[in-house]
Amino acid sequence: MTGGQIGNVDLVKQLNGAAVYRLIDQQGPISRIQIADVSSLAPASVTKITRQLLERGLIKEVAQQASTGGRRAISLTTECAPFHSLAVRLGRDRIELTLFDLAGNPLAEHEEPFHYPNQDTLIEGLIYKLHTFLASHQDVLKELIAVAVSLPGLVDAEAGIVEYMPHITIDKLPLSDLIRDEFGVQCFIGNDTRGQALAEHYFGVSKNYYDTLLVSVHNGAGAGIIVNGQVFLGYNRNVGEIGHIQIDPLGKKCQCGNFGCLETVASNPAIIEHAQQLLAQGHESMLQGKKDLNVSDICRAAVAGDELARQVLVKVGNHLGKAIAMTINLFNPQQVVISGEITEAKSVVFPAIQRCVENQSLRTFHQNLPIVAAGLSGTPTLGAFALVKRAMLNGALLQRLLED
Ligand SMILES: [Zn+2]
């Protein structure tokens with residue numbers, strides 16, 4: 001046999017294992033016979049795979065009363081509590097860490113400022129913070145099976161390499177390997193907005209949809225596109241750079257080098273700057289004299305009827321709506337999810353987005369298209385945890401655990 005053929009046998013093993021685990025995860029409690037029926041795998045294969053999963057403690061048997069009242073059937077469910085993963089959201093100047101069990105229950109959380117002017121300080125600081133977090137939660141930590149990191153920037157998720165971050169110079173940073181070597185477990189990395197879209201798909205407002213578009217407005221603006229239940233990634237891997245759609249050819253210079261990109265007008269810093277300019281011109285507003293103005297302040301004022309704040313946010317809604325309408329025309333999603341502080345003024349921002357979508361995208365595409373606020377913003381590390389969940393469901397991590 002050549003290496004390639006061995007690879008294929010392993011791949012089939014991984015995919016069959018994943019198919020069985022996925023059914024138990026999503027439809028459990030489920031019997032072996034039902035698994036064989038739904039998966040079209042031979043009953044003997046199902047028996048073999050479930051034996052391995054049972055031995056590893058990843059699933060357990062539960063007795064279920066048969067509906068006919070006959071003898072009790074044995075069904076299978078996943079075992080989530082003993083398997084822990086550390087999910088990290090790396091921001092531009094903050095870090096958030098959560099220890100999750102496999103069901104996505106947070107067991108311990110921590111966040112703190114994290115400033116890293118370059119790649120070396122990023123690696124050193126990150127590894128130190130992971131060690132410190134794990135050491136301080138030894139009392140709850142069971143088996144650590146993975147670490148996942150979501151970050152702003154572009155990554156090659158398969159190779160585990162960070163290729164670009166918006167605020168520091170990155171040179172092909174092999175983050176997954178570094179963390180795996182340090183902690184002895186698999187490490188998954190991903191773009192934070194794409195991770196967030198996946199988290200909403202697994203656990204949040206997008207649970208019942210296959211195709212969704214999530215647009216996030218924070219320090220920049222980005223999108224996560226879910227197509228057929230999977231994060232849409234091309235051969236070149238990174239897609240969804242909605243923040244660099246040009247909105248105003250004569251607009252401000254963007255950090256990408258072009259002019260008037262969406263994120264030069266629809267990002268938290270741009271929103272605050274616009275409000276500050278209007279305030280400096282002396283326009284009447286309840287925000288006059290407010291120190292350390294942030295987007296939540298502007299949202300609160302807008303909801304309370306402050307005209308200056310309303311105008312700032314309606315303008316953001318119009319710009320976002322234009323870019324979202326273009327994306328709807330390209331992808332025809334079943335749902336649009338907006339994430340970020342601006343959703344605190346939903347009643348002001350969403351109607352503006354809605355109007356643009358109605359005027360600028362195909363009618364058949366935007367008819368009955370829900371535009372909703374993200375549901376999981378309170379737990380930003382769920383985006384990283386979603387990468388672990390995906391690796392269990394597609395077999396990549398599952399197979400590793402079975403081989404341990
Ligand atoms: Zn740009």
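Order of appearance sets the numbers: ligands from 1, and atoms from 1 within every ligand. What you see is a predicted model, and the numbers here were worked out from it, not measured in a lab.
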Around the Zn ion (ligand 1), list the protein N/O/S atoms within a radius below 2.8 Å, excluding water molecules. His244 ND1, Cys254 SG, Cys256 SG, Cys261 SG
Give a yes or no on whether a salt bridge exists between Arg194 and Glu241, defined as a side-chain N under 4.0 angstrom from a carboxylate O. yes
Verify whether one side chain among Asn268 and Glu341 offers a donor that lies under 3.5 Å from an acceptor in the other. yes
Not counting sequence neighbours, which residues clear side-chain hydrogen bond (donor to acceptor under 3.5 Å, both in side chains) with Ser361? List them please. His366
Looking only at side chains, do Gln196 and Ser339 share a donor and an acceptor under 3.5 Å apart? yes
Once you measure the plane-to-plane angle for Tyr116 and His167, does it fall in the parallel (<30°), tilted (30-60°) or perpendicular (>60°) bin? perpendicular
NZ/NE/NH1/NH2 to OD/OE distance under 4.0 Å, Glu273 and Lys252: yes
